[in-house]
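None of the values given here were measured: they were computed from a predicted structure.
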There are 2 protein chains.
Amino acid sequence: MDPHLLRTYVAVARLASFSDAARELGYTQSAVSQHVAALEADLGLPLLTRRPVAPTPAGERLLEHAGALLLRLDAARADLDRFAAAPRATLNVAASPLALHPRTLAALPATGVTLRALPRDRVPAAVATGDADAGLVDGIAAPSDPLRLPDIAPLAATRVAEEPLAVVLPATHPLAGRTGVRLDDLVDARWLDAPAAGVPLGELRAVHGGPAGRGFRTALRYEGTDTRTLAALAADGHGLALLPLPAAGGVPGAAAVPLVAPRLVHRTELLLAAGARREAAGPVAEFSRRLRS
Amino acid sequence: MDPHLLRTYVAVARLASFSDAARELGYTQSAVSQHVAALEADLGLPLLTRRPVAPTPAGERLLEHAGALLLRLDAARADLDRFAAAPRATLNVAASPLALHPRTLAALPATGVTLRALPRDRVPAAVATGDADAGLVDGIAAPSDPLRLPDIAPLAATRVAEEPLAVVLPATHPLAGRTGVRLDDLVDARWLDAPAAGVPLGELRAVHGGPAGRGFRTALRYEGTDTRTLAALAADGHGLALLPLPAAGGVPGAAAVPLVAPRLVHRTELLLAAGARREAAGPVAEFSRRLRS
DNA sequence: CACCGGGCATCACGAATGCTTATGCCCGGC
DNA sequence: GCCGGGCATAAGCATTCGTGATGCCCGGTG
């Protein structure tokens, strides 16, 4: 199971074509065909159906493994490269949208910053592979609990901020006047599914477990990143939204009610490649220091 | 960064000798030397000092990555092999010592079982690499929270049992009469460090975070797996122990006081390779069903 | 101080692997 | 029924990889 073979296989599966994969990888079609054949012979299993080209069940499974493996391989290479490379003067930050609040923005150096907004689950990978020098991720967790992040590579995570969570609902909603709301009170509600702008509802099940977390029914899916829009959608009755309290207020027609049970917070963490910690100087260290203080 | 090269490098680093590694791997010393040289050339960094043979800082870092990579590679191969292999009639269970309580033992089939006790952190790897068909791990977590396990490979974890935690202290201890104790009340205490027999204190920091979890001072380290011995040590004043409540009682001279804050439980989970789930029959499915019911 | 021996590096050669070009085969469209 | 796109297979050639032999460095020893 040579990584080269895996890389080829992943490309073929993604493009659903041997020839296209060959073009993308700079091989001939013949080589790609031989790569896949070698993998199938090695594992003793067919991995792809031909005509149409699609992964078999075993192939699906291999895709999961291969993705993680190749990512980790890239991460390892990037990490080791950092040992050799001269320290740079620029700072490359990858952040999930909700991780960018006043506190984190204020810590950015005045010059030489590239800031990239990414989906939550791609931030750790960006830091691990060296695409970013530092990452900012947000998510929900029990108070002072760390976030649950995939361990692509050894990453150092440090707490940057924690804020209470609020449920955003229309001002006319029966619960709008409350000073706090329990998730159990809302089991039958419809929610807004907003992976980029909102707090990830899916994480609730993972973090909180238990009966309260299961079965969020979603009414509308919003793929943008703007929390005001999300709150406005909630005000309009398209469904409830879960947001950090500071981001939930000030939208006309919407009421933000703090979530009191389960006791969860919106948390932002700084992500650094664990190896990069040792550097005491440089823009990364500077950024990290300002976030910590 | 060919896995073969990594495997060789890891062996050299572990044995601190090129020649020994060559013998172990069935290569010549010359090949091993070339492998390491190829890696160093590829990364542009020295990985090992010669005479004595020891990893450089960069080499240390590579060891971490290589270990995880090779483990994941083995896991992938084992997982795919399960697709091809005929279902077997025997059941191979890997379990951490505290995961073996009456409830889990009762679920074992009457015949054809191999039960292996392993350190907590090696159970997921055993399941992922196919060394075991199923795993039982224990640890501490917030109620109904899943355990935090390393994700070597996609493993399916299901709750098997949860019990309250108890602090074991000498019957003469001032807190011995209490009906419940807070961890904060014990910040200055000395603890027994018993990674195999007790609940892992180190996890407290990870699970609970916050100030209460940091800085456990340990008085004595016990490397055995017997909880009675651990409780007896606690009774003798060698330090406090943290155990599941059912395992903590009935030792003369020792008092078991339930831990009431932070709200944590001792949890046991069943670990299966995610791919093996689909089988509806066979000893693995049977075991899983009996544990779930 | 010179000798000796263990252990890693280097060199040269033969075998095996991997990629390319060329060709064959299968299936779907016209 | 013919044509064409796309994957499989065959043969040839370049590269890579592992071996055996040799060289070099260092530490121990009389």
Provide, to the nearest angstrom, the distance between the [atom1] atom belonging to [X] and the [atom2] atom belonging to [N].
X      : N       : atom1 : atom2 : answer
E40(A) : dC7(D)  : CD    : P     : 13 Å
H35(A) : dC19(C) : NE2   : C1'   : 8 Å
D2(A)  : dT16(D) : CG    : P     : 14 Å
L39(A) : dC7(D)  : CG    : C1'   : 16 Å
L25(B) : dG18(D) : CG    : P     : 11 Å
Q29(A) : dT23(C) : CD    : P     : 15 Å
L15(B) : dC8(C)  : CG    : P     : 11 Å
F18(B) : dC25(D) : CZ    : P     : 17 Å

Among [options], which nucleotide sits nearest the side chain of [X]?
X      : options                   : value
Y27(B) : dT20(C), dG18(D), dC8(C)  : dG18(D)
S19(A) : dC19(C), dC8(C), dC7(D)   : dC7(D)
T28(A) : dG18(D), dT21(C), dT10(C) : dT21(C)
S30(B) : dA10(D), dC19(C), dT19(D) : dT19(D)

Task: Any donor-acceptor pair under 3.5 Å from T8(A) side chain to A11(A) backbone - done: no

TODO: Examine distances only and state if a side-chain atom of E269(A) and a backbone atom of L147(A) form a donor-acceptor pair shorter than 3.5 Å.
DONE: yes

Open item on the list: Less than 4.0 angstrom between a side-chain N/O of H4(A) and OP1 or OP2 of dC19(C), yes or no?
Closed with: no

Open item on the list: Tell me if the centroids of the rings in H238(A) and Y222(A) come within less than 6.0 Å of each other.
Closed with: no

Task: NZ/NE/NH1/NH2 to OD/OE distance under 4.0 Å, R82(A) and D79(A) - done: yes

Task: Under 3.5 Å donor-acceptor pair, Q34(A) side-chain atoms to dT17(C) base atoms - done: no

Open item on the list: Pair F287(B), L136(B) - check side-chain contact (heavy atoms from CB on, under 4.5 Å), show working.
Closed with: CA-CA 11 Å; F287(B) 180 52; L136(B) 291 167; 4.2 Å; yes

Open item on the list: For a quick check of understanding: with a heavy-atom distance under 4.0 Å over all strands, which category does V32(B) fall into, base, sugar-phosphate or nothing?
Closed with: nothing

